[in-house]
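Read the structure below first, then the notes.
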Number of protein chains: 2
Amino acid sequence: MPRASAADAAETARRVLAVATDLFAERGYAGVALDDVARAARVTRGAVYHHYGSKEGLFLAVADGLQAAVAAHLVAVADDGGPDPRARLRAGSHAFLDAITAPGTARVLLVEAPAVLGWQRWRAQDAEASGVHLTEALADVGVDPALRDALSAQLSGAMNEAALWLAERTDDPAARPAAHAALDRLLDAAVPTP
Amino acid sequence: MPRASAADAAETARRVLAVATDLFAERGYAGVALDDVARAARVTRGAVYHHYGSKEGLFLAVADGLQAAVAAHLVAVADDGGPDPRARLRAGSHAFLDAITAPGTARVLLVEAPAVLGWQRWRAQDAEASGVHLTEALADVGVDPALRDALSAQLSGAMNEAALWLAERTDDPAARPAAHAALDRLLDAAVPTP
DNA sequence: CTCCTTGACGTACGGTGTGTATGTATAACC
DNA sequence: GGTTATACATACACACCGTACGTCAAGGAG
């Protein structure tokens, strides 16, 4: 008995996405069956396939949503970080770290996504969303072009690992300051000291 | 018709492990069925279950083997890196990077393993195999104890990402020197400059 | 040398989960 | 107001994991 208007359909898609985001964050990709998602969203698997095509398609939508949220927060903070490129680099990096440690985000984006989507697809998507800002900031700060890409990748890896490290230490109040302090050291290393 | 002596059994287990290592590296965990492994090793799935208990058990054995190889190479190089702790830190780090970029290693250890085994189990195993050496080296070099763990995690993340970054650039001869140069910058940042 | 226990598999089966084909009623456009 | 397309639900085929069970040789125990 499908009594779905266009608005109802959009609502259904949104509800499925929200439920899937929670479940993937909790149990990981392999740990959740599409029937779990469907039941929690009060539809059947047919609806899920209609809107997202496949389990991988659903996961991709989930990852996209989380990544967009992280990038939005990053850009917002960096934009009022002042004109000094070094300050912008720092502000943006710390903002990234804070955004990606939001409750279910790190696991989906940093652990599941590379395995599910493949590392190269994940890397491309990450680069498009937040990586560009890092690479750009490194350029603004005067990093040797020959090292820029390599350094960008390694700093990105450092921040991602910091996020996962933090996610396991939510009860230790000293962890977050320590992570930010360590990150500052690495960022200072990146900029050619004046 | 099982005519298996003890030596034959060990040979079977070894052959299955070798085949599984190749397949997991090529297609990832989800992309390989146990029947593929069994056929390639000229046995049935029964033999695989007998020796490794489960698909996850088989993957764990594969990951263990690769991680042991990486750690062995790391230790070997670091041990003749001389007595200077800073030189040992550098030598060990570069050795790690070289070892983990061996053909199928990075994907299994850095992309599949965290998702399959769970990040915490993977982290613990990685810390036991190579992480301890990094943390120890940082201590020897005089890193503030409050930052040591955070910095160790972030440097580890940087190296892992460098490895994956390199794995996608096997045809670019400038990539590896750039990765090592960028890594040196981060390592220099870690040691309190005298 | 014989018994018998155990290890090293092979075989058969059930359960779960993905994807696809098909049906259907309502919304949307003409 | 008839037609088409959309938004689902239902049913089915298929793949794959895990487990229960069977089997035959190896390796002592006597």
Side-chain angles (χ1 to χ4, degrees), chain A residues 1-63 108 112-113 115-118 121, chain B residues 1-24 26-63 108 112-113 115-118:
Chain A
M1 57 297 249
R3 62 176 171 287
S5 72
D8 286 343
E11 229 296 290
T12 300
R14 215 186 54 78
R15 205 168 62 242
V16 168
L17 190 69
V19 162
T21 301
D22 287 349
L23 288 179
F24 282 145
E26 266 181 60
R27 305 187 215 161
Y29 184 77
V32 32
L34 286 187
D35 198 48
D36 300 342
V37 175
R39 268 207 305 267
R42 294 184 313 261
V43 290
T44 64
R45 285 172 45 245
V48 177
Y49 275 95
H50 176 72
H51 285 291
Y52 297 101
S54 68
K55 186 179 182 183
E56 195 181 310
L58 175 61
F59 181 85
L60 186 63
V62 167
V108 171
E112 302 290 326
V116 174
L117 306 177
R121 257 206 296 171
Chain B
M1 57 302 246
R3 61 176 170 289
S5 73
D8 287 343
E11 229 297 289
T12 300
R14 216 187 53 79
R15 205 168 61 242
V16 168
L17 190 69
V19 162
T21 301
D22 287 348
L23 288 178
F24 282 144
E26 265 181 61
R27 304 187 214 160
Y29 184 77
V32 32
L34 285 187
D35 199 47
D36 300 341
V37 175
R39 269 207 304 267
R42 292 183 315 261
V43 290
T44 64
R45 285 172 45 246
V48 178
Y49 275 94
H50 175 73
H51 284 289
Y52 297 100
S54 68
K55 186 180 182 183
E56 197 181 307
L58 175 61
F59 181 84
L60 187 64
V62 166
V108 170
E112 303 290 326
V116 173
L117 307 176

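All values below were derived from every heavy atom in this structure, side-chain atoms included, with hydrogens, water molecules and symmetry-related copies excluded. Here is the naming used below: chain letters follow the sequence lines, and residue numbers restart at 1 for every chain. Just so it is clear, the structure is predicted and the values come from calculations on it, not from any experiment.
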Quiz item: Given atom OH of A:Tyr52 and atom P of C:dG19, what is their separation to the nearest angstrom?
Solution: 16 Å
Quiz item: Rounded to whole angstroms, how far apart are NE2 on A:His50 and P on C:dT24?
Solution: 18 Å
Quiz item: Below 3.5 Å, does any donor atom in the side chain of B:Arg45 face an acceptor in the base of C:dG10, or the other way round?
Solution: no
Quiz item: Under a 4.0 Å heavy-atom cut-off, which of residues 16-42 of chain A touch DNA chain C?
Solution: A:Val32, A:Ala33, A:Leu34
Quiz item: Could you state the CZ-P distance from B:Arg15 to C:dA8, rounded to the nearest angstrom?
Solution: 14 Å
Self-check item: For B:Glu56 against B:Tyr29, the heavy-atom pair lying closest together
Solution: N-OH, 3.3 Å
Quiz item: Atom CG of B:Asp8 to atom P of D:dA25: distance rounded to whole Å?
Solution: 14 Å
Quiz prompt | Residue A:Lys55, side-chain atoms from C-beta onward, closest of C:dA8, C:dG19, D:dT19 | solution = C:dG19
Practice problem: Verify, without hydrogens or angle tests, whether B:Glu112 (side chain) and B:Gly28 (backbone) share a donor-acceptor contact under 3.5 angstrom. | Solution: no
Quiz item: Given C:dA8, is OP1 or OP2 found less than 4.0 Å from the side-chain N or O atoms of B:His51?
Solution: no
Identify all side-chain donor-acceptor contacts of residues 37-53 of chain B below 3.5 Å with residues at least two apart in sequence or on another chain.
unit_1  : atom_1 : unit_2  : atom_2 : d
B:Arg39 : NH1    : B:Asp35 : OD2    : 2.7
B:Thr44 : OG1    : B:Gly46 : N      : 3.4
B:Tyr52 : OH     : B:Ala13 : O      : 2.8

Practice problem: Compare the minimum distances between each of D:dT19, D:dA9, C:dG19 and the side chain of A:Tyr49, then state the nucleotide with the smallest one. | Solution: C:dG19
Practice problem: Please tell me which of the listed nucleotides, C:dC9, D:dA9, D:dC8, lies nearest to the side chain of A:Thr44? | Solution: D:dA9
Self-check item: Out of D:dG18, C:dC9, D:dA9, whichever nucleotide has its closest atom nearest the side chain of B:Thr12
Solution: C:dC9
Practice problem: When you get a sec, tell me which of C:dG19, C:dG10, D:dC17 is the closest nucleotide to the side chain of B:Val43? | Solution: C:dG10
